[in-house]
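Let me begin by presenting the structure, written as structure tokens, before commenting on it.
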Amino acid sequence: MKINFTFFLLMGMPLLSQAQNTCATALPVTAGTYVVTAVDGTEAPTLACALNGLTNVTAGEWYTYTPGANYTVTITTDLAASAGADTRFHVYSGTCGSLVCVSGDDDGGSGLTSLASFNVTAGTTYTIAFDNRWSASGFSFELTESPIVVPPTPPITFTANTFPAISGNYGLATTDMNGDHLDDIVTVSASSVQILYQQISGAYVTNNIPTSTTMFQPSWSMAIGDIDKNGFNDMLYGGGSGVTFMKANATGTGYTEISGTEYVFCQRTNFVDINNDGNLDAFSCHDVDPNVYYINDGSGNLTYHQGGLGDHPEGGNYGSIWMDYDNDGDQDLFIAKCRGGASTAKINELHRNDGAGVFTDVSIPSNMADPVQTWSSAWNDFNNDGWMDALIGASSTDDGPHKLMKNNGNGTFSDVTAGSGWDTNPSLNIEHVSFDFDNDGFTDVLGGGNKIMFGNGDMTFFPMVYPFTNGAVGDLNNDGFLDIRNGNTVYMSDKNDNNWITINLQGIESNSNGIGARVEIYGSWGKQIRDIRSGDGFRYMNTLNAHFGLGTATVIDSMFIKWPSGHIDQINNPTINEPITVVEGSHPLSLLEVDGKKIALYPNPTTDYLTVENFDLLDASSIEIYSQLGGRVMNTEMKDAKISLTGLTAGRYFLVIHTKNGEKYSESFIKM
């Protein structure tokens, strides 16, 4: 590769034609615009500060920049001369051989160009490396200096910890793999799975597990969940040509590869119980055809299906996320769509689940049919009103910037972007996920520009820039604060004084991970909610545990877990600042009071029937009865207060009453 420094030549300076081919011979640059003819340097970057790992990175072009004053610097290839170029760059501090990420970008500019802004310190030398991850073709880039923008004191800071033991091509996951609810570090390659198992002590035990040569590696995304309920999590690889499942054996010491023969241009992959039978199914966005899914027969065997969950013939399906937007207890589907030009394949889609496995495209009536070019959306309750809102994260401004959509609680969403902070956030990205990183009780969004957009709890956000890019999110030292993994570097949260609670779920009738469950906590702040998901954002697999920040609150009045099965567990006054594990059905919810009158079951214990006291105060629609082991033994309409128990054997049961407005209430009883 050569760089064209016309102005250097005009000044009589020699052209250092090979100087930028390695880190050690990186070419000094100052503010200005440069022409790069090709990416063919002999040294490739080995530390990724931008998205999408180091797969196929074989060459690099290296530059150094030493500012004469403190600046906010912008590096961009989003220039007319770079039209059509697919670029990526990394910015480091430190010296060759011990570089540390400062910034970087992949696709932050329009099209496939790159753009990032970051603050620099006078006299410090920064190394800039472009790589050939996507293309070795030439392009132009510009470095500009602006008066430094001094950010406010960050609400949380992070410290970089390097894990030399990490090896493999795809470091996409920070998820528990062995059922102890401690987030592990998972990295895979074509012929191995590497797991760094987190220990209670804070140490890690590394296990490198050889596998068959995987047909489809997770070049686009990964999802994790226990599809056969053996206590060890399985993996779903989303590749550019198909789907691969890696099934863990009964001891977690080996994996069996199952690769589908069907062609699927995978984008986001998810594990989710689509038909709500208690077994995890699999879903994959298809880039060029209708989406596909795999139904679990209950023994971990998966059957391929296509269509019915996003059927556009051109595909355009990128970032799928499953959540309960209408609070009816089942999982709905939003698909972030991306396609250029006038194609309708770029219109985002929301599919409502009616609870019986029938999905309806409600994109238009819900106001979620939008052409924003997006690869991912971040769903969370940003204003703590009990309804899931959405940040539609733009990857390009071709069809508009980011959109912040407020859930109105009636099946519709309102655009509240103006004045939210997202309207003035220029940073684009393919990856957007939402967690409470500073544990203040308000959920945040990790997106583009090396920044976290911190939520204020009122649908407004403010940005803080950090020295890391998007990555897998998990609690990697079990301290109640979330950490962010970039390759073999984990940015550990330095914590603050805010309180927290972590909820780990163990399903019995529901899938064993509790994927699809809704967790709610109540206290002096009001209400907070979380949905348990396998696969959000675009490519990474994050923790399966529910994390809540409490701010300065010291008491949680009550906590509810609403399981996919319909079970509801209630825990009053749980202990804060520690994890809690909840087994499905272990804390059954007592029936409520209406207008001061108790809703109760009698007689209890009983023989032939139950009666619901004050039944006329309930707007009941149906009842379900479950055995103590979680099996559903009755599901029927509730027409009157008296319930026949004919056919039930002696034992303990749980009765769930469904109301017409979507609420569920439960009580236990004993059949004699």
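One is the number of the first residue; the rest follow in order along the sequence.
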- Note on the structure: Sequence neighbours excluded, the answer for salt bridge (charged side-chain N to carboxylate O under 4.0 Å, His left out) partners of Asp381 is none
- Message: Closer than 3.5 angstrom, by distance alone: can the side chain of Tyr126 be matched with the main-chain N or O of Thr121 as a donor-acceptor pair?
- Response: yes
- Message: Going by the rule ring pair (Phe, Tyr, Trp, His ring centres under 6.0 Å), which residues pair with Tyr237 if we only count those two or more places apart in sequence or in a different chain?
- Response: none
- Side-chain (Thr76) to main-chain (Ser114) donor-acceptor, under 3.5 angstrom: yes
- Note on the structure: residues 129-142 vs salt bridge (Lys or Arg N to Asp or Glu O under 4.0 Å), sequence neighbours excluded, gives Arg88-Asp131
- Message: Holding to ring pair (Phe, Tyr, Trp, His ring centres under 6.0 Å), I want the full list of residues that pass it with Phe382, two or more places apart in sequence or in another chain.
- Response: Phe461
- So, does Asn21 use its side chain to make a donor-acceptor pair with the main chain of Thr42 at under 3.5 Å? no
- Task: Check for a donor-acceptor pair, side chain of Thr162 on one end and backbone N or O of Pro164 on the other, with a separation under 3.5 Å.
- Result: no
- Residues forming a side-chain hydrogen bond (donor to acceptor under 3.5 Å, both in side chains) with Asp78, sequence neighbours excluded: Ser110
- Please identify each residue that fulfils salt bridge (charged side-chain N to carboxylate O under 4.0 Å, His left out) with Asp440, with sequence neighbours left out. none
- Sort out for me which residue in Pro155, Pro154, Pro463 forms a side chain to side chain contact (heavy atoms under 4.5 Å, CB included) with Phe454. Pro155
- Message: According to side chain to side chain donor-acceptor pair (under 3.5 Å), does anything in residues 198-212 pair up with another residue at least two apart or in another chain? List the pairs.
- Response: Gln194-Asn208, Ser212-Glu257
- Message: Run the side chain to side chain contact (heavy atoms under 4.5 Å, CB included) test against Thr125 and tell me which residues pass, sequence neighbours left out.
- Response: Thr64, Thr66
- Message: Checking Ala173 now: which residues fulfil side chain to side chain contact (heavy atoms under 4.5 Å, CB included) with it, not counting sequence neighbours?
- Response: Thr175, Val186, Met222, Ile224, Met541
- For Phe468, the ring pair (Phe, Tyr, Trp, His ring centres under 6.0 Å) test, sequence neighbours excluded, returns Phe158, Tyr466, Tyr491
- Message: For Phe139, give me all partners under ring pair (Phe, Tyr, Trp, His ring centres under 6.0 Å), at least two apart in sequence or on another chain.
- Response: Phe130
- Note on the structure: Hits for side-chain hydrogen bond (donor to acceptor under 3.5 Å, both in side chains) against Thr269, two or more places apart or cross-chain, chain-then-number order -> Ser221
- Message: When you measure from the SG of Cys49 to the SG of Cys101, is the result less than 2.5 Å?
- Response: yes
